[in-house]
Amino acid sequence: MPLKVYNSLTRKKEEFIPINSPYVGMYVCGPTVSGESHLGHARPYITFDVLYRYLMHLGYKVRYVRNLTDAGHFEEEGREAEDKISKKAILEKLEPMELVQKYTNLYHWAMNRLNNLPPSIEPTATGHIIEQIEMIKKIIADGYAYEANGSVYFDVEKYNTDFSKKGQPYGILSGRILEDQLDSTRELDNQGEKRDPSDFALWKNAPPEHIMRWQSPWGEGFPGWHIECSAMSKKYLGDEFDIHGGGMDLQFPHHECEIAQSTVCNHTMPARYWLHNNMITINGKKMGKSYNNVIKLTEMFNGNHPMLAQAYSPLTIRFFILQSHYRGTLDFGNDALQASEKALKRLWEAYEWVSSEMLVVSGELAADKLLDAKVLKLVGEFDEFMNDDLNTAKVLANMFELVSVINAIKDKHIPAASLSASTVSILKQQLKLFVEDIFGLKTEQANDNGKLDGVLQLLIDIRKEAKTRKDFVTSDKIRNELIALGVQLKDEKDGGMSYTIG
RNA sequence: GGUCCUGUGGCCGAGUGGCUAGGCAAAGCUCUGCAAAAGCUUCUACAGCGGUUCGAAUCCGCUCGGGACCUCCA
């Protein structure tokens, strides 16, 4: 069964066929590094990280490009606009690139903690001004853009007229019809320069106080928002590439504009498959700046936010996101996050036991043929579910059914020989593959060189002795005080003891 | 106003017309010196109304509710 993905462009699930197999080009819209990433931002990066990992697992050689938007009208969130503050304030303020660096570092830190693999290329808008200018020049030359007072605008009307004939009207991705949206245009600066309200900027003239500015054929200015993705995807992935991803809220106008620009420039639709993740909501409403309901990732990690009952680890968040399908909305809530935290712990403990301690003691024949078949079925469906538009939720559901079996064997409720040797080894292998390599889950316990383990082992030994003497005062003291420190001891059936931290 | 999406048990959340999704929470049992952990069992829901069908959470219609985009937005 081949991989199928839902293509927003065609509005259906389609088999994924790369243009130049085994090479796959994937472009995902990255963040604007003028502020901190919030919980909502985590979703696309985790979703496409899992897709990236899965494509590699399928044997594709993937070039994953995810940009950083570090140019444009740049102000730190919450600050007043540059032109409104005095010279002195400017001196005390960060340089624009200092700001970019600060938030880029923070973003990388968060991506790392969420265990997202770094993309193959992470280009910046400011590093590709020349490419953007070249592209704009070409669009002007072809007659689809015009200059006005040092700014350049894309002529949406003309594009729509000409390309509708070719079956590619403006609005093809979002399903919008240009004629339908003549009204309700936002009051923007310099709106009067546009020939039509739906035209969008390719290049903007920089007012004198604007710090980020570049020389261009149209005077000093800075690139429009949409052109950077077109220029950078073209440069690194070519005129036509396989996958373009991003949040659903970017479908219009951002991706629509990209399609228009790139199509004029390259005479082809830039990407074959357009994948969009849905939003994370909070009390049913989209989490976003404009709604004033964001929880930053740093706040998620440290629990320092009025809406948070506690801190949630990066991997709890990753797991939380993987438990739903990427195209549905996902509602934030402390109950839901706490459920994820516990579930992840249970999954991880079973997984750790399987990979490190479960022995392949059984023979080739399974003592319990039904159970053996069930395990093989559950494991075999991992790929099947992923191939069905990345249904990570279903894969996790299967994993939890396996967890029950694993724990039953671990606790000797059912004999280890219930499963055949080959089934056990397939189980080990597939869990490793999906839990760690594809889903990117991992342990959060810090590596302490085994010193802590030695100390705990000592306490466990003392407790065992106490228990043998029936000195429950001592044994309970050790157990209770360790719990207070966040270390939980577990007495196992065979008289052994183990512990978990956290 | 336009274009769409959506409404699943206490919470989150899968779900291709007929078969227990799963997780968390809750209750009981087993195990345990007592716990914890784990296992087993229970709780079996699909907004409402109508229609199609042998059969609908799943298809169609209407009603009510929620949301997204149309503007920076993951």
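Lettering of chains follows the sequences in order, A, B, ..., and the numbering in each one begins at 1. Side-chain atoms are counted along with the backbone in the values below, which use heavy atoms only and exclude waters and symmetry mates.
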Under 4.0 Å between any heavy atoms, over every strand shown, what does [X] touch: base, sugar-phosphate, or nothing? Just pick one.
| X | value |
| --- | --- |
| R346(A) | sugar-phosphate |
| Y291(A) | sugar-phosphate |
| K342(A) | sugar-phosphate |
| G40(A) | base |
| K490(A) | base |
| T329(A) | sugar-phosphate |
| N277(A) | base |
| L330(A) | sugar-phosphate |
| D476(A) | base |
| G284(A) | sugar-phosphate |
| A336(A) | sugar-phosphate |
| S290(A) | base |

Under 5.5 Å between ring centres and under 30° between planes: does that hold for F400(A) against the base of G23(B)?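 It does not: the ring fails the test against the base of G23(B).
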Member of K394(A), R327(A), K13(A), K4(A) meeting the salt bridge (charged side-chain N to carboxylate O under 4.0 Å, His left out) criterion with D388(A):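 Per the salt bridge (charged side-chain N to carboxylate O under 4.0 Å, His left out) rule, the option paired with D388(A) is K13(A), out of K394(A), R327(A), K13(A), K4(A).
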Between H413(A) and G39(B), is there a contact of a side-chain N or O with OP1 or OP2 at under 4.0 Å?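 For G39(B), neither OP1 nor OP2 has a side-chain N or O of H413(A) closer than 4.0 Å.
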Nearest-Å distance for atom pair CZ/C1', residues F319(A) and G13(B):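 It is 11 Å, rounded to the nearest whole Å.
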Grab the CZ-P distance between F252(A) and G2(B) for me, whole Å please.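 Rounded to whole Å, this separation is 17 Å.
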What orientation do F252(A) and Y170(A) show, parallel under 30°, tilted 30 to 60°, or perpendicular over 60°?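 Plane angle over 60°, so perpendicular.
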Taking the nucleotide of RNA chain B with the closest heavy atom to each, which residue, V405(A) or D331(A), is nearer the 5' end?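 This one resolves to D331(A).
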Pick the closest RNA chain B nucleotide for S475(A) and for K13(A) by heavy atoms, then say which residue is nearer the 5' end.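 The residue whose closest nucleotide sits nearer the 5' end is K13(A).
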Any idea which heavy atoms bring H254(A) and C229(A) closest together, and the distance?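 Smallest interatomic distance, heavy atoms only, reads NE2-SG, 3.4 Å.
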